[in-house]
Amino acid sequence: MTAPRPQFRVAIGSRFENIELVQIAIEASLDLLTLDEATSHRIGLAVREAVANAIRHGNDGDPDKRVEVECVLETDQVVVKVEDQGRGFDPRDLPDPLQPDNLLKTSGRGIFFMSQFMDEIDYSFRPEGGTIVTMRKTITPSSSAAGLKEEE
Amino acid sequence: MEITAQHNQGVTVLYPKGRITIGKGDVALREAVLGALDAGGTKILINLKGVSTIDSSGIGETVSAFTTVKKRGGDLKLCELSSKVMDVLQVTQLITVLDVFDSEQEALDSF
């Protein structure tokens with residue numbers, strides 16, 4: 001029988017300060033792995049961006065609407081799901097922030113961060129409203145020296 | 001996010017400490033840069049040695065600060081970036097348009 005993988009699930013009200021709660025949870029989870037600092041930082045940033053997008057664009061900043069975050073540490077990958085209760089959007093509509101005309105724009109990099117810092121991103125939309133963003137990051141021998149740390 | 005300021009060689013040097021992220025750090029950075037401009041400073045250096053991370057909002061505020069200072073005829077430069085902050089500037093390719101220096105002295109001498 002396969003042992004259950006470490007995971008957490010947290011629900012927050014749509015306030016930017018609550019991103020810090022998610023950050024604490026994701027950092028504690030990633031600390032169970034022997035990830036190098038750069039990989040861990042990139043995953044943490046991608047999750048922050050996904051939650052910020054869910055708050056701002058998904059839930060329109062309505063503090064009564066929730067954002068749910070689930071993180072699962074698999075043997076060879078980290079999987080993070082971020083769900084909001086909003087109207088959804090098409091990520092393909094977003095301009096490329098690396099185009100010369102966009103380089104000095106002050107916004108529009110959140111989705112870009114997610115796509116740069118994670119290996120795979122899927123969007124799904126509930127018919128009744130709500131976007132589910134699923135992000136995966138493969139853990140390679142270079143990013144994880146020995147997989148999950150042994151419990152002390 | 002705490003930001004202190006010093007004046008050195010005619011340059012206002014800002015020292016943010018903590019995270020430049022959505023909600024707090026990004027706003028603090030904006031206020032510090034606007035405060036320096038309002039005080040008459042047109043040469044502004046942000047020493048990022050105390051900054052552990054920066055998100056897309058923090059990047060947006062940094063770009064906004066850069067363009068605002070330029071529009072007022074000044075210069076805004078960055079120095080002493082951690083590897084994490086440097087990673088973000090490289091991914092966004094802002095490293096190609098912002099003035100970034102390894103050391104504070106090197107940055108001061110460039111104004």
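Every chain is numbered from 1 and lettered A, B, ... according to where its sequence line falls, protein lines coming before strand lines.
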Tell me whether A:K81 at atom NZ has more than 12 heavy atoms from other residues, nucleotides or ligands lying less than 6.0 Å away.
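No - once you tally the heavy atoms of other residues, nucleotides and ligands closer than 6.0 Å, there are 12 at most.
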
Shortest non-hydrogen contact from [X] toward [Y]:
| X | Y | value |
| --- | --- | --- |
| A:L104 | B:V63 | O-CG1, 3.0 Å |
| B:I22 | A:F16 | CD1-CE2, 3.5 Å |
| A:F117 | B:V91 | CE2-CG2, 3.7 Å |

According to a 4.5 Å side-chain heavy-atom criterion applied to Ile, Leu, Val, Met, Phe, Trp and Tyr, with indirect links allowed, do [X] and [Y] form part of one hydrophobic cluster?
| X | Y | result |
| --- | --- | --- |
| A:L94 | A:M118 | yes |
| A:Y123 | A:V69 | yes |
| B:M1 | B:V88 | yes |
| B:I59 | B:I95 | yes |
| A:V51 | A:V10 | yes |

By side-chain contact (heavy atoms from CB on, under 4.5 Å) - contacts of A:A28 (at least two apart)
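For A:A28 there are no side-chain contact (heavy atoms from CB on, under 4.5 Å) partners, ignoring immediate neighbours.
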
Need one label for A:L98: side chain, backbone, both or neither, based on atoms under 4.5 Å from any heavy atom in chain B.
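For A:L98, heavy atoms of backbone and side chain both lie under 4.5 Å from chain B.
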
Distance-only check: which donor-acceptor pairs of chain A and chain B lie under 3.5 Å?
unit_1: A:E20; atom_1: OE1; unit_2: B:R19; atom_2: NH1; d: 2.6
unit_1: A:E27; atom_1: OE2; unit_2: B:R19; atom_2: NH2; d: 3.1
unit_1: A:E37; atom_1: OE2; unit_2: B:K84; atom_2: NZ; d: 3.2
unit_1: A:H41; atom_1: NE2; unit_2: B:T53; atom_2: OG1; d: 2.5
unit_1: A:R42; atom_1: NE; unit_2: B:D87; atom_2: OD2; d: 2.8
unit_1: A:R42; atom_1: NH2; unit_2: B:D87; atom_2: OD1; d: 2.8
unit_1: A:R48; atom_1: NH2; unit_2: B:T21; atom_2: OG1; d: 3.3
unit_1: A:E49; atom_1: OE1; unit_2: B:S56; atom_2: OG; d: 2.6
unit_1: A:E49; atom_1: OE2; unit_2: B:S56; atom_2: N; d: 2.7
unit_1: A:E49; atom_1: OE2; unit_2: B:S56; atom_2: OG; d: 3.2

Is it the side chain or the backbone of B:V97 that comes within 4.5 Å of chain A heavy atoms, both, or neither?
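When you check distances to chain A, only side chain atoms of B:V97 fall under 4.5 Å.
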
